[in-house]
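Following: one structure in structure tokens, then a few remarks.
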There are 2 protein chains.
Amino acid sequence: MRNNEERIRVAIAEDHQILRQGIVALLEDEENLNLVFDVGDGLELIEKIKENPVDVLILDLNMPKMDGETCLPIILKLYPNLKIVVLSAYFSEPILNFVLELGATCFLPKLSDFSVLLDAIVSVHQKGFYSIEESKKEKRLNLELEMKENFTPRELEILKLLCEEKTSKEIAEALFISHRTVEGHKLRIMEKTKTTNTSGIVIFALRNGYFR
Amino acid sequence: MRNNEERIRVAIAEDHQILRQGIVALLEDEENLNLVFDVGDGLELIEKIKENPVDVLILDLNMPKMDGETCLPIILKLYPNLKIVVLSAYFSEPILNFVLELGATCFLPKLSDFSVLLDAIVSVHQKGFYSIEESKKEKRLNLELEMKENFTPRELEILKLLCEEKTSKEIAEALFISHRTVEGHKLRIMEKTKTTNTSGIVIFALRNGYFR
DNA sequence: GAGCAACTAGGTAGAAATACCTGATTTTAA
DNA sequence: TTAAAATCAGGTATTTCTACCTAGTTGCTC
């Protein structure tokens with residue numbers, strides 16, 4: 001067992017119990033890593049991280065109470081040098097870019113191989129990044145998460161609001177645009193997802209793990 | 001610790017290391033379960049199960065060397081009384097039917113809550129079956145939630161078709177009733193689920209595991 | 001057989017969504 | 001600096017959905 005000072009301090013925020021437990025169990029076997037804590041939601045994460053500084057944070061995007069997207073900027077403001085590996089059930093180019101803009105160091109699909117996660121942790125800590133090319137390869141390998149829809153950022157916003165039971169009018173008001181524009185976006189989303197109505201869009205989004 | 005004879009003997013075949021490790025770690029904490037072995041592919045599964053009889057097998061559909069679909073019939077022929085809980089990243093009605101035809105006892109999405117998996121293991125062992133609808137009923141009783149959907153059989157039929165992107169008219173034609181009747185059922189469902197439109201109904205159904 | 005829940009279905013309105021268009025401005029990428 | 005993509009939004013017509021009514025039939029139970 002190495003000295004704790006030399007080991008990479010890692011924390012996990014992931015609400016899915018089985019995955020979190022799996023990551024915990026596997027990381028505990030890595031002797032160059034020091035697993036500091038694991039939590040199941042964003043609020044708990046913010047509390048814990050204040051008392052337990054870490055080098056690398058594994059962060060799930062979709063969590064209860066406070067999601068990853070929300071707490072990522074908060075935490076990064078407190079600890080600008082923290083490296084964050086974001087996990088998401090859904091993996092796409094637009095989300096990748098969005099997450100990196102938020103300040104994440106790396107973005108991986110939830111069902112990545114453990115070896116990839118391990119590489120990512122070590123790489124973001126030592127080099128400050130994890131090769132996007134590599135994660136792209138991983139994406140291609142992971143047929144389960146392969147997708148071709150390629151939503152634009154605006155479409156993703158609309159998609160999210162549709163999954164919150166919002167009507168076009170309500171979405172228009174929330175985004176300060178015309179309801180006709182929202183309808184236009186919806187039509188394009190329907191084309192991309194090969195669906196024919198709002199329910200179809202919602203079904204697609206939920207089945208593909210967008211906004212659980 | 002209970003007597004081993006009384007505990008449900010469980011085995012896991014799942015190639016995704018993190019998930020497998022997570023399930024292993026969580027099942028080991030359950031004192032009425034006896035985790036006999038865990039493997040990462042179908043060939044290993046067949047070897048191990050010959051020497052280590054179990055009551056319930058948790059089986060991933062997509063595995064290297066030999067996938068779940070292939071080894072399920074083989075194993076079931078050797079052990080006709082074995083209960084098999086199939087996991088899959090994909091969850092849909094056709095796959096469900098396919099898997100049940102193969103002889104599986106239960107079919108769950110990979111990213112189910114651990115509590116659901118646990119319920120499934122106990123239920124298939126004791127009662128020989130498990131359905132997500134049932135788990136919801138039991139949860140409702142246990143947690144005393146204010147959820148009182150209590151759908152009628154007809155409402156469940158409509159709910160299912162709504163989750164297949166069908167319009168009221170299409171549902172009416174499928175069930176040989178008036179589209180006005182379908183609309184009436186939809187209104188009742190919206191009341192019960194406290195939703196305000198079709199998307200809301202679908203979101204409710206999918207989030208609560210009705211028809212994934 | 002009275003009461004009840006479930007299923008059926010019609011009337012009328014208005015709201016919302018969908019299917020076609022069109023074209024503008026802005027952003028991004030080649 | 002073009003070309004392409006994304007975003008915005010209006011027109012018009014049709015379909016679908018939602019809301020709030022009423023009300024008949026069946027089947028079950030007390």
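As a basis for the values below, the full set of heavy atoms in this structure was taken, side chains included, without hydrogen atoms, waters or symmetry mates. Just so we're clear, the structure is a prediction, and the values are computed from it rather than from any experiment. Numbers restart at 1 for each chain; the letters A, B, ... are given by sequence-line order, proteins then strands.
Whole-Å rounding puts the Glu191(B) CD to dA6(C) C1' distance at 14 Å. Separating the NZ atom of Lys186(B) from the P atom of dA19(D) is a distance of 10 Å, rounded to the nearest angstrom. As a whole-Å value, the separation of Asn197(B) CG from dA16(C) P is 10 Å. What separates CD1 of Ile177(A) from C1' of dA6(D) is a distance of 12 Å, to the nearest Å. Straight-line distance from the CZ atom of Arg154(A) to the P atom of dT27(C): 13 Å, rounded to whole Å. We find that CZ of Arg180(B) is positioned 17 Å from P of dG24(D), with the value rounded to whole Å. Look at CD1 on Ile189(A): it is 12 Å from P on dC8(D), rounded to the nearest Å. Protein atom CD of Glu183(B) is 17 Å distant from nucleotide atom P of dC21(D), rounded to whole Å.
Checking side-chain atoms of Asp113(B) against main-chain N and O of Val116(B) turns up no donor-acceptor pair under 3.5 Å.
Results of the side-chain contact (heavy atoms from CB on, under 4.5 Å) test with Ile58(B) over Ile84(B), Leu108(B), Leu35(B), Leu27(B) single out Leu27(B) as the only residue that passes.
For DNA chain C, none of the residues of residues 166-175 of chain B falls under the heavy-atom distance limit of 4.0 Å.
Using a 4.5 Å heavy-atom cutoff, the side chains of Glu30(B) and Phe114(B) are in contact.
Applying the 4.0 Å criterion to OP1 and OP2 of dG10(D), one finds that Ser178(A) has a side-chain N or O inside that range. A sub-4.0 Å separation between OP1 or OP2 of dT18(D) and a side-chain N or O of Thr198(B) is present. Distances shorter than 4.0 Å separate none of the side-chain N or O atoms of Thr152(B) from OP1 or OP2 on dA5(C).
Base engagement by Thr181(A) is indicated by at least one non-hydrogen atom pair under 4.0 Å involving a base atom. Heavy atoms of His185(A) sit under 4.0 angstrom from primed sugar atoms or phosphate atoms, though from no base atom.
Ranking dC7(C), dA17(C), dA19(C) by closeness to the Leu187(A) side chain, first place goes to dA19(C). Comparing dC7(C), dT7(D), dT18(D) by their closest approach to the side chain of Met190(B) singles out dT18(D).
Glu165(A) and Thr195(B) share no donor-acceptor pair across their side chains, judged by distance under 3.5 Å alone.
Heavy atoms only, all atoms of each residue included: Met190(A) and Asn197(A) are closest at SD-N, 3.5 Å. What you find for Arg154(A) and Leu175(A) is that their closest heavy atoms are NH2-O, 3.7 Å.
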### Task
Test Phe107(A) against Val85(A) for side chain to side chain contact (heavy atoms under 4.5 Å, CB included), laying out the working first.
CA-CA 6 Å; Phe107(A) 182 54; Val85(A) 176; over 6 Å; no

